[in-house]
Amino acid sequence: MARVGYFEGTDPLLLAKLSAEGVETLPLSNGWDGHGKFVNHLRKGEVNVVVGYLHKVIPAEQEHMKAADILFACKNFDIPVILVVPAPQREKAKRILGDAGPNVYVAAPEELEPQIRKHL
């Protein structure tokens with residue numbers, strides 16, 4: 001069965017729509033918000049895709065971490081990550097993310113559902 005891992009704040013109507021279609025959802029935490037399973041504890045094949053807003057993977061500077069550190073398990077197990085950012089900020093978001101991995105994609109809110117479906 002297909003499963004979407006999601007960070008807090010992900011569009012609940014979209015998640016409900018996917019659930020109604022038989023797609024499982026798994027809440028994920030960035031390590032600070034306690035929303036669900038810590039994203040770096042994901043195992044290979046546990047989710048098809050991870051989704052959430054950009055700010056969920058950008059740690060405060062004092063943490064001495066990068067987005068790549070938060071998403072290490074996703075990179076390690078080649079789990080696609082789709083981060084939501086308004087279209088006008090897409091290039092800025094990519095620069096902020098740096099080398100988070102080839103499996104990390106930036107999508108505008110209106111692009112999120114089609115992007116998720118590519119990975120189910």
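Nothing here was measured: the structure is a model prediction, and the numbers come from that model.
A side-chain hydrogen bond (donor to acceptor under 3.5 Å, both in side chains) with Lys56 is found for exactly one of Asp33, Thr10, Asn30, namely Asp33. Screening His41, Lys37, Arg3 against Glu46 for a side-chain hydrogen bond (donor to acceptor under 3.5 Å, both in side chains) leaves a single residue, Lys37. Among Val57, Val85, Ile58, the single residue meeting the side-chain contact (heavy atoms from CB on, under 4.5 Å) criterion with Ile96 is Ile58.
You'll find the side chain of Val4 stays beyond 4.5 Å of the side chain of Val47, heavy atoms only. A heavy-atom distance below 4.5 Å is not found between the side chains of Phe7 and Pro27. Contact annotation: the side chain of Tyr53 never approaches that of Glu8 to less than 4.5 Å [non-hydrogen atoms, C-beta and beyond]. Counting heavy atoms from C-beta on, the side chains of Glu113 and Ile116 never come closer than 4.5 Å. Contact check for Leu28 versus Leu42: side-chain heavy atoms found under the 4.5 Å cut-off. Residues Val50 and Ile82 form no side-chain contact, since every pair of their non-hydrogen atoms from C-beta on lies 4.5 Å or further apart. Considering only heavy atoms from C-beta on, Tyr105 comes within 4.5 Å of His119 through its side chain.
Listed here is the closest heavy atom pair of Ser29 and Gly34: OG-N, 3.3 Å. Contact between Leu54 and Ala93 at its shortest, heavy atoms only, is CD2-CB, 3.7 Å. In this structure, Ala68 and Ala100 approach most closely via the heavy-atom pair CB-CA, 3.9 Å. Across every non-hydrogen atom of Ala67 and Leu97, the tightest pair is CB-CD2, 3.7 Å. Residues Asn48 and Ala2 approach most closely at OD1-CA, 3.2 Å, considering heavy atoms. Between Pro86 and Pro109 the shortest heavy-atom distance is CA-CD, 4.1 Å.
The existence of a salt bridge linking Glu111 and Arg90 is confirmed by a sub-4.0 Å separation between a basic side-chain nitrogen and an acidic carboxylate oxygen. A salt bridge links Arg117 with Glu21; the closest basic N to acidic carboxylate O contact falls under 4.0 Å.
Cluster membership check: Leu71 does not share its hydrophobic cluster with Val49, using side-chain heavy-atom separations under 4.5 Å among Ile, Leu, Val, Met, Phe, Trp and Tyr. The hydrophobic clustering, which links ILVMFWY residues whose side-chain heavy atoms are closer than 4.5 Å, places Ile70 and Phe77 together. Cluster membership for Val23 and Leu14, using ILVMFWY side-chain heavy atoms within less than 4.5 angstrom, is shared. Hydrophobic clustering places Met65 together with Val39 (ILVMFWY residues linked when any side-chain heavy atoms are closer than 4.5 Å, directly or through intermediates). Note on Leu26 and Leu15: separate hydrophobic clusters, where clusters join Ile, Leu, Val, Met, Phe, Trp and Tyr whose side-chain heavy atoms are under 4.5 Å apart, directly or indirectly.
Formation of a donor-acceptor pair under 3.5 Å by the Asp78 side chain with backbone atoms of Asn103 is not found in this model. Looking only at distances, a side-chain donor or acceptor of Asn40 sits under 3.5 Å from a matching main-chain atom of Phe72.
The number of heavy atoms from other shown groups lying within 6.0 Å of NZ (Lys75) is above 12.
Here the CZ-CG distance, from Arg43 to Asn76, works out to 14.0 Å after rounding to the nearest 0.5 Å. Here Glu24 contributes atom CD and Leu120 contributes atom CG; the two are 11.5 Å apart, rounded to the nearest 0.5 Å.
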